[in-house]
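For reference, the structure discussed in these notes is given below.
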Amino acid sequence: MRTTDRRAAVAALALGAGVTWNISNVGAVADPLADAYGISLAAVGLLTTALFLTHLGSQIPGGRASDRWGARRVGLVALAACVAGNALALVAPNPWLAGAGRLVTGVGSGAGFVAGADYIRASGGSAFLQGLYGAFTMGGGGLAIAVTPQLVGPLGWRAPYWSALAAALVTAAVLAVAPRDRRHGPARPGLVADRRLARLGILHGATFGLSVVAANWVVPLLERHGEPRGLAAVLGALLLLAGIVTRPVGGMLLRGHAERGRIEVVVSLVALGTGFLLLALPLPSALLGCAALLAGLAAGLPFAFVFTGAQRLRPDAPGAAIGFVNSFAIVVVVAGTPLLGLTFSLPGEGRLGFAAAAACCAAALLVVPRLHDRAATE
């Protein structure tokens, strides 16, 4: 890889981690925020919902903007939105201000995620680098969970916003000195109607989307069925953190063997569904830990295949294709999280929800690309 391409790849990885810090920084300190704002924990959760709403809405527009004006330029604008949103939330301990700030920040996190993935492609990045980008986006959220609570002592309720603002400024400094990327001409119409892209989107929603939904509820599931809170938290973290390993591994396995993408998706869906189903059963702690680890590893495996496949299907609009495919996973998270939560009021206290998630994985096998569908695997 040339020096300029290497610099672009490093900047893209930094962008992915910098914008996704915002996804989990508020939830990591929900109790201090509830006290400062004088609201319930459920209301604090709406701050994350607010971010995801505009995060979803900016996926395709952010991708189209990357295609037209360049991913690096869109990434800088996205970081500016993150700075503005977090600065607004810092003004006063007011939940309405925080909500408005999160809506602005969501525009930046959504457009920035898509721009980073497209910048990887523009820098000549391989499927491995695309998978590594996926790992960095998960790592950004994971770091926010680990770091933000440690800042509550000196910063109080402002900790999630100051930390996210600092992450955005550092990332902007890295991106500002990165090389420009090539722009695209006008895209062909019919992006949203492209069934091949929709199929990849469904697979992304069934793997990454469902893993996020399950990660939100696995701790209360295990607690209600007798597991200690500390152990339940560790097992729940595996559902997300294990994917940091398999996202780049999945890309590496595709190198020179594009046909392995279909195998990766099938293995992922089968293993993920099996993990969800085992978590729904009254098993010993060790087996539940293995189930959570299996599901986490499985969820990350097809990331590189899905994103590189989307870019190759629509070389005229690779950024918009990424945004369209990723929007499926966000819809699953936004709609699936409360739906699975409702199953805690049914017999089994959440087990039916995890069984239903396993069934969704099985149903997604019906849309796995065929071996002769070369456009989605090469």
Side-chain angles (χ1 to χ4, degrees), residues 14-58 75-113 116 136-176 212 215-216 219 229 233 236-237 240-241 330 333-334 337:
L15 177 58
V19 296
T20 54
W21 183 286
N22 297 278
I23 290 175
S24 55
N25 61 328
V26 167
V29 290
D31 285 313
L33 287 180
D35 293 339
Y37 293 149
I39 58 178
S40 66
L41 284 176
V44 173
L46 292 176
L47 297 178
T48 298
T49 301
L51 179 135
F52 268 108
L53 287 176
T54 48
H55 185 97
L56 170 61
S58 62
L76 289 168
V77 173
L79 289 167
C82 291
V83 169
N86 283 290
L88 180 60
L90 280 168
V91 172
N94 183 300
W96 294 103
L97 271 177
R102 295 291 280 176
L103 288 172
V104 175
T105 302
V107 174
S109 65
F113 176 90
F136 268 69
T137 60
M138 296 188 76
L143 276 176
I145 293 173
V147 172
T148 307
Q150 314 306 319
L151 301 176
V152 171
L155 299 177
W157 64 270
R158 291 182 169 90
Y161 310 121
W162 274 122
S163 64
L165 195 151
L169 291 175
V170 170
T171 304
V174 175
L175 197 60
V212 173
N216 276 280
V219 175
R229 176 171 296 180
L240 290 181
L241 297 181
I330 301 172
V333 173
V334 172
T337 301

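Here the structure is a predicted model, which is why all the values come from computation and not from measurement. Scope of the values below: all heavy atoms of this structure, side chains included, with no hydrogens, waters or symmetry mates.
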> Taking only residues two or more places apart in sequence or in another chain, which ones pass side chain to side chain donor-acceptor pair (under 3.5 Å) with Thr137?
Replying inline: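 Only Arg247 meet the side chain to side chain donor-acceptor pair (under 3.5 Å) criterion with Thr137.
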>> Would you say CH2 of Trp157 has more than 12 non-hydrogen atoms from neighbouring residues, nucleotides or ligands within 6.0 angstrom?
In response: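 Yes, because the 6.0 Å sphere around CH2 of Trp157 holds more than 12 heavy atoms from other groups.
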>> Considering only residues two or more places apart or on different chains, which pairs with a residue in residues 14-56 satisfy ring-ring contact (aromatic ring centres under 6.0 Å, His included)?
In response: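 For residues 14-56, and leaving out neighbouring residues, the ring-ring contact (aromatic ring centres under 6.0 Å, His included) pairs sorted by first residue read Phe52-His55.
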>> Checking the side chain of Arg102 only, and the main-chain atoms of Leu51 only, is there a donor and an acceptor separated by less than 3.5 Å?
In response: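 No.
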>> Taking Pro32's backbone N and O only, do any of them form a donor-acceptor pair with Asp35's side chain (distance below 3.5 Å, no angle check)?
In response: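 Checking the backbone N and O of Pro32 against the side chain of Asp35, no donor-acceptor pair under 3.5 Å is found.
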How long is the gap from [atom1] on [X] to [atom2] on [Y], to the nearest 0.5 Å?
{"X": "Thr20", "Y": "Phe136", "atom1": "OG1", "atom2": "CZ", "answer": "10.5 Å"}
{"X": "Asn25", "Y": "Trp162", "atom1": "CG", "atom2": "CH2", "answer": "14.0 Å"}
{"X": "Phe113", "Y": "Ile23", "atom1": "CZ", "atom2": "CD1", "answer": "8.0 Å"}
{"X": "Leu53", "Y": "Leu46", "atom1": "CG", "atom2": "CG", "answer": "9.5 Å"}

Could you pull out the closest heavy-atom pair between [X] and [Y], with the gap in Å?
{"X": "Gly18", "Y": "Thr171", "value": "CA-OG1, 3.6 Å"}
{"X": "Leu88", "Y": "Gly101", "value": "CD2-N, 3.7 Å"}
{"X": "Asn86", "Y": "Thr105", "value": "N-OG1, 3.6 Å"}
{"X": "Ala50", "Y": "Gly99", "value": "CB-O, 4.3 Å"}
{"X": "Val83", "Y": "Leu165", "value": "O-CD1, 4.1 Å"}
{"X": "Ser58", "Y": "Gly106", "value": "OG-O, 3.7 Å"}

May I ask you to test the [X]-[Y] pair for a side-chain heavy-atom distance under 4.5 Å?
{"X": "Val147", "Y": "Ser163", "answer": "no"}
{"X": "Leu33", "Y": "Val26", "answer": "yes"}
{"X": "Val104", "Y": "Thr54", "answer": "no"}

> Which of these, Leu155, Leu151, Thr148, Val44, sits in a side-chain contact (heavy atoms from CB on, under 4.5 Å) with Val29?
Replying inline: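 Result for side-chain contact (heavy atoms from CB on, under 4.5 Å) with Val29: Thr148.
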>> Considering only residues two or more places apart or on different chains, which pairs with a residue in residues 39-52 satisfy side chain to side chain donor-acceptor pair (under 3.5 Å)?
In response: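 Residue pairs with at least one partner in residues 39-52: there are none.
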